[in-house]
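Take a look at the structure set out below.
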Amino acid sequence: MGDSNIFNQIALKWQKRWEDTKIFEVKAYPGKKKFYCLEMYPYPSASGLHMGHARNYVIGDVLARYKRMNGYNVLYPMGYDSFGLPAENAAIQAKSHPKIFTEKAITNFIRQQKSLGLSYDWTRKIMSHSPEYYKWDQWTFLKMLEKGLAYKKQSLVNWCSKCNTVLANEQVTPKNTCWRHTNLEVESKELNQWYLKITDYAEQLLEGLDKLYGWTEEVKTMQRNWIGKSHGTKLWFDVIDEKGQKTDKISTYTTRPDTVYGITYLVLAVEHPKVIEWTKGTEYEQKAKDFIQEVKKKSIIERTAEGKEKNGMFLGKYFINPFTGDKCPLWIADYALYDYGTGAVMAVPAHDQRDFEFAKKYNLPIKVVISPTSWELNAERMSRAYIDPGILVESQDFNGMNNKDAIDEITNYAEQKGWGKRTVNYKLRDWLISRQRFWGCPIPIVYCDACGIVPVPEKDLPVILPEDIKFEGAENPLTKHEPFINTKCPNCGKPAKRETDTMDTFIDSSWYFIRYCDPANNTKIFDSNKVNYWLPIDQYIGGTEHATGHLIYFRFFTKFYRDLGLLKVDEPAVRLYNQGMLHLNGSVMSKSKGNVVLPEEVSEKYGIDTGRFYMMFVASPDKDMEWSSQGVEGSYRFLKKFFDLLSEKVSSEAIEKREESKLHSTIKQVTENIKAIKYNKAIISIMQFTNYLHNRNSISKQSAEALVKLISPFTPHISEELWEKLGHKQTISFENWPLHDENKIDAETDYLEEMLDNTRNDIISVMKLTNINKANKITLFVAEEWKYALANIVKQTLAETRNPKDIITKAMQDPQVKSKSQQAMKLIPKLTKESNLPKAVASQRKEHQVLNDARKLLEKEFKCTVVIVKEQDSNRHAKAVSALPGKCGVLLE
RNA sequence: GCGGGGGUAGCAAAGCCUGGUCAAAUGCGCAGGACUUAAGAUCCUGUCCCUUAGUGGGUUCGGGGGUUCGAAUCCCCUCCCCCGCACCA
């Protein structure tokens, strides 16, 4: 391989310098404005990172660099989500230790990330597999235990046979597969596991969403759905035996208490404990067991997909509907979910589609209690449930009531009678955190025959994951590691056994962003002062795929620490940015698909700045984009042009007015667009200004310096180099961001410059056409433009009225203006914006001035006399027209 | 079904919030030209259609309708694509 690219050499030079001078290391600095910019920390995969990952990091890096230049104390850290299965599986295969794989991968990640020029404060690096970090996972767990938020229970759980562990609800895909093995369905197992009571925070997690103004609606909606709050009513019914004796109670949850008079049966989920209880010793016992078996064989998706055929079975029991006194049958059915509500459903077949289908299949009665206003429902002839609003019928005292009102009224009535109670229900479930795997944070619990479940005392933390382990098969080697398992009960000192399950790795990522604020603290989880200074995260960047997992968990943890009094914020991140995916050859770039572009390739060929620039330029960072090697070439061409221009063509002359005007509007646009993370637009402004300067073949020092600053967040290495070439000794990274001066932006000047350019081109064209290469005199015919006519109208109208709309109308009535309405209207906003008369006049005056300037410039350029006459000066105009074919605006003499 | 995001010239992608300066930025691609022995690189010009030295005219922003002096932009209807949730009682 030959010499690497010049940009690459520059990149290496500056990366080394940044590292040597430690310029990106930060400290909490109370009183100084801060900005916390964070990308979701990665799992350090052995395959390293490709440009798709790089895109994500560059989005944050650009912002971090921009904020630094705006005087913010910027916290921009990186770390590794380094517990987890891939490393463990690799270790199993190689009969080695996951730590070895993990740390090797991390080393590689760091090397790659540094090569991207990311301005992280590397001293804050955290790795969740280090005992210094996971000690505080354990500490947090103990705190939760203390507060009653961690508990152990026997329950049906999701089990992935490939991962050989249980999974949280959030880790099961909608297709009911494991998130890591998307073609393997998860199984259901009944296990005794540790849970975190995230449901205690359901309401806060829901309400907090309204405060997250910097989150997309998409993610907030997903979280709302996931939390799944609904208002309803709990109703309980007396259960009777065949003789009519009351034997038990059953409670149900409904959002439709207005339909209680239409209940004709009740179904329980198969998991409901009452099923076994009630059928015990009856003729239904075996049948029920078989039915449950049958249902459990099916996957959750088979059971719960909408439209699936519903199956059920009568339980041989009845209940009394207290509203009507009717005796109705109790069933079990596969469509009832044990997880939701109370695990039992009061069935109203006339007004619920699922109940309707079930009733039809098993010939259960259908009773209409809500009637549409304009026609009559006939229970026998219904082909589907009636779920629209209507008027109550067959509902005793509530007959005739609008069903919406009846929801409230009937609930009141039920509460009065003691039959039911208003409740709020959530779909959110508690978080199952036990994992039957080795490579995770040990759960700090000891089981003692005498004392039961005993937490490891805080002083004994961390419970360390042993290094001398042997993998045999896929099983967690901790279960056979005697020195780990065998311990003494912290309570009574007798021999006891340690919990061998480890925690879900999402625990690690639930608070890592807090630890960054105080990463090396070994006396407590973090220092509150430091954390209160840095939090909340001002800009969080990561994929939408975490919407209902990590992004809920980290909010939960934040609220928990807040309740412990450790920090003050309610929400971890006020702004969340979801980046788009990078594609190659039409599909998402990924190692497993084999369609990756590596940062190394890009660096070698073009320098990494080119890659950064290209990715930020092609599309808005939140949109998916396609990698195109030709596109990268284009960016490279531009950067070379940019680099040459600023290295060689910087002049010492004072900045010209027009250049200054363009410079200031460029500063304005770039700044606004970076702020809004519309980097693509910011870059385009930079390109346009650069191209403008390039055509003029010179650039003032003022523009040069501003331009280098403006581009520096995107192409930091090249920018440092140019900054140095411009004679600066300090890094550009902390230079003041350029400010634009609105007064220097002069649209009028820009417009007139364009006009001058056109005129110049006209003259050249005419010269060519007439074979004249030098004219002594050039006469320009400038149209007595509609502008003046319009300005007059505006002036007049303004004198009469102050309503811009009137002006427009009046202008349209003027035949002269109307004929050129399209062009004429272009000027209207300018003139009417502030409805102020002097401005209209001023703009008129200015035009004359500039025409004069134009004349001078043209005279200089063409070395001749230039005469400007109004087009209406018809003599001269006629002469011009006759001198050349067509209508002529330029006459050469 | 519910919720979210989209459909713009050969391709990618701006513009839409705040209607007029929009035949619509920018990049890629393509065509022509300059330079060169040549290729590459670089630079210039063009790139919806017709016409022009410049101007100008015509038809465009998924489809249809409306509001307006004026619509890619606002409103209504409709078609298509993507993504989340989904028998949640």
Looking only at atom types and distance, does a side-chain atom of Asp334(A) sit under 3.5 Å from a main-chain N or O of Gly312(A), one as donor and one as acceptor?
->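 No, the answer is negative, given that no donor and acceptor are paired below the 3.5 Å cut-off.
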Verify, without hydrogens or angle tests, whether Asp430(A) (side chain) and Thr199(A) (backbone) share a donor-acceptor contact under 3.5 angstrom.
->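 Yes; at least one donor-acceptor contact below 3.5 Å.
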Which residues pass the side chain to side chain contact (heavy atoms under 4.5 Å, CB included) test with Asp339(A), sequence neighbours left out?
->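 With neighbours one apart ignored, the set is Arg429(A).
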I'd like the [atom1] distance from [M] over to [N], given in whole Å.
{"N": "C85(B)", "M": "U73(B)", "atom1": "P", "answer": "33 Å"}
{"N": "G62(B)", "M": "C17(B)", "atom1": "P", "answer": "15 Å"}
{"N": "C61(B)", "M": "C48(B)", "atom1": "P", "answer": "16 Å"}

[X] [atom1] to [N] [atom2]: how many Å, rounded?
{"X": "Trp226(A)", "N": "G84(B)", "atom1": "CH2", "atom2": "P", "answer": "13 Å"}
{"X": "Met687(A)", "N": "A12(B)", "atom1": "CE", "atom2": "C1'", "answer": "13 Å"}
{"X": "Lys678(A)", "N": "A14(B)", "atom1": "NZ", "atom2": "P", "answer": "7 Å"}
{"X": "His583(A)", "N": "C82(B)", "atom1": "NE2", "atom2": "P", "answer": "13 Å"}
{"X": "Met346(A)", "N": "C87(B)", "atom1": "CE", "atom2": "P", "answer": "19 Å"}
{"X": "Glu357(A)", "N": "C87(B)", "atom1": "CD", "atom2": "C1'", "answer": "8 Å"}

With sequence neighbours excluded, tell me which residues meet ring-ring contact (aromatic ring centres under 6.0 Å, His included) with Trp226(A).
->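 Expected list: none.
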With sequence neighbours left out, what residues match His272(A) under ring-ring contact (aromatic ring centres under 6.0 Å, His included)?
->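 Testing His272(A) for ring-ring contact (aromatic ring centres under 6.0 Å, His included), a comparison that skips the adjacent residues, returns Tyr338(A).
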[N] phosphate, OP1 or OP2: any side-chain N/O from [X] under 4.0 angstrom?
{"X": "Arg354(A)", "N": "C88(B)", "value": "yes"}
{"X": "Lys681(A)", "N": "A13(B)", "value": "no"}
{"X": "Asn691(A)", "N": "C44(B)", "value": "no"}
{"X": "Arg637(A)", "N": "C28(B)", "value": "yes"}
{"X": "Tyr253(A)", "N": "A89(B)", "value": "no"}

What side-chain donor-acceptor pairs closer than 3.5 Å can you find for residues 629-646 of chain A, not counting sequence neighbours?
from, atom 1, to, atom 2, distance (Å)
Glu633(A), OE2, Tyr606(A), OH, 3.0
Tyr636(A), OH, Asn5(A), ND2, 2.5
Lys641(A), NZ, Asn691(A), OD1, 3.0

Relative to the 5' end of RNA chain B, which residue comes earlier, Ser620(A) or Gln688(A), by the nucleotide with the nearest heavy atom?
->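 On the 5' side of the pair lies Ser620(A).
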Most 5' of Lys640(A) and Ser635(A) on RNA chain B, judged by nearest nucleotide |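 Its nucleotide being nearer the 5' end, the pick is Ser635(A).
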Describe, in one word, how the ring planes of Phe358(A) and Tyr362(A) are oriented to each other, choosing from parallel (under 30°), tilted (30 to 60°) and perpendicular (over 60°).
->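 Geometry flag for Tyr362(A) against Phe358(A): tilted rings.
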Only counting residues at least two apart or in another chain, list the ones meeting salt bridge (charged side-chain N to carboxylate O under 4.0 Å, His left out) with Asp355(A).
->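 In terms of salt bridge (charged side-chain N to carboxylate O under 4.0 Å, His left out), with neighbours along the sequence ignored, Asp355(A) is linked to no residue.
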Who is the Watson-Crick or G-U wobble partner of U67(B), with both distances under 3.5 Å?
->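 For U67(B), the partner nucleotide comes out as none, under the 3.5 Å rule.
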In the strands shown, is A13(B) matched to any nucleotide by a Watson-Crick or G-U wobble pair with both distances under 3.5 Å, and which?
->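 Looking at the geometry, A13(B) pairs with no nucleotide.
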Is there a donor and acceptor pair, one atom on the side chain of Lys427(A) and one on the base of C88(B), closer than 3.5 Å?
->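 No, no donor-acceptor pair under 3.5 Å.
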At under 4.0 Å between heavy atoms, what does [X] touch on the DNA or RNA strands: base, sugar-phosphate, or nothing?
{"X": "Phe638(A)", "value": "nothing"}
{"X": "Thr255(A)", "value": "sugar-phosphate"}
{"X": "Gly228(A)", "value": "nothing"}

Which parts of residues 215-223 of chain A get close to RNA chain B, meaning a heavy atom less than 4.0 angstrom away?
->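 Glu218(A), Thr221(A), Met222(A), in order of number.
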